[in-house]
Amino acid sequence: MNTLKLENEPKIKSGFTTPENYFENFSVSILQKLQKDEPKVISIFSKTKTWIIAAVAVLVLSLLIPRYINYISHSSDIDSASLENYITYNSSVSDADLVNLLDEKDIQKMNANLNIEEKNIEDELSTNKNLELYILN
């Protein structure tokens, strides 16, 4: 191996240079920069404000959801099965009351085309022992 003599070789210049009087003014420039940067101020009430808004939102929802559910469950539409059961088991409703509540559309819906011959009707009435009940009522 060849011996390397650094003193005889040309020196390579570094690409990095420092400005003149950099290290003498270094501490002064750092102190000036630190004084410009003020700490960020965080208000105590900003976190409290968020919690208050969240609590109000929960309170509003807790009051509105039961009211909405109550509104849906008490809708004006009554299903036909519950209406039929009410009429069946409620003895104070008479046939006359039901007839008064029907419209022409309801009567037309109930119109059934029964092809019953008169002979069948006469046979049924003649064999039925409760004919007097039918006539009186």
Side-chain angles (χ1 to χ4, degrees):
M1 268 190 145
N2 294 340
T3 59
L4 183 61
K5 296 182 181 177
L6 293 176
E7 295 162 359
N8 297 337
E9 297 289 325
K11 293 187 180 182
I12 301 172
K13 288 188 177 181
S14 172
F16 300 105
T17 58
T18 57
E20 293 179 17
N21 298 328
Y22 179 74
F23 290 106
E24 289 85 22
N25 298 331
F26 182 73
S27 62
V28 175
S29 67
I30 292 294
L31 288 175
Q32 288 175 354
K33 289 180 183 178
L34 287 177
Q35 290 175 356
K36 290 180 184 177
D37 296 337
E38 294 181 11
K40 185 177 179 181
V41 177
I42 300 173
S43 175
I44 296 173
F45 297 109
S46 66
K47 290 183 181 180
T48 308
K49 185 178 177 182
T50 306
W51 282 106
I52 290 173
I53 291 172
V56 169
V58 167
L59 179 68
V60 167
L61 286 176
S62 66
L63 292 175
L64 289 180
I65 288 175
R67 188 172 183 144
Y68 178 71
I69 291 172
N70 189 18
Y71 174 74
I72 289 175
S73 65
H74 287 83
S75 64
S76 63
D77 297 335
I78 300 173
D79 60 317
S80 60
S82 62
L83 183 61
E84 187 176 330
N85 288 336
Y86 174 77
I87 292 171
T88 302
Y89 296 116
N90 193 354
S91 62
S92 65
V93 178
S94 66
D95 293 337
D97 294 335
L98 291 176
V99 170
N100 290 333
L101 293 175
L102 294 176
D103 296 349
E104 287 184 31
K105 291 179 183 178
D106 295 331
I107 294 172
Q108 289 175 357
K109 287 179 185 177
M110 291 173 39
N111 187 10
N113 189 7
L114 301 175
N115 295 327
I116 301 175
E117 297 177 7
E118 289 184 22
K119 184 179 180 191
N120 292 340
I121 295 174
E122 288 177 5
D123 290 341
E124 184 66 31
L125 291 176
S126 66
T127 58
N128 194 344
K129 296 179 183 177
N130 296 327
L131 183 59
E132 292 177 7
L133 290 175
Y134 291 138
I135 294 172
L136 293 177
N137 290 331

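Applying the side chain to side chain contact (heavy atoms under 4.5 Å, CB included) rule to Asp123 yields the partners Lys119; only residues at least two apart in sequence or on another chain are considered. Asn100 is linked by a side chain to side chain contact (heavy atoms under 4.5 Å, CB included) to nothing, counting only residues two or more places apart in sequence or in another chain. Residues forming a side chain to side chain contact (heavy atoms under 4.5 Å, CB included) with Asp103 (at least two apart in sequence, or on another chain): Asp106. For Tyr22, the ring pair (Phe, Tyr, Trp, His ring centres under 6.0 Å) test picks out Phe26, with sequence neighbours left out.
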Using residues 57-67 as the side-chain source, report each donor-acceptor pair under 3.5 Å to any protein atom, sequence neighbours left out, with the distance given to one decimal.
{"unit_1": "Ser62", "atom_1": "OG", "unit_2": "Val58", "atom_2": "O", "d": "3.2"}
{"unit_1": "Ser62", "atom_1": "OG", "unit_2": "Leu59", "atom_2": "O", "d": "2.8"}

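Grouped by direct or indirect side-chain proximity (heavy atoms under 4.5 Å, Ile/Leu/Val/Met/Phe/Trp/Tyr only), Trp51 sits alone.
Closest non-hydrogen pair, Glu124 versus Thr127, comes out as O-OG1, 3.2 Å.
Around atom CD of Glu24, more than 12 heavy atoms belonging to other residues, nucleotides or ligands sit under 6.0 Å away.
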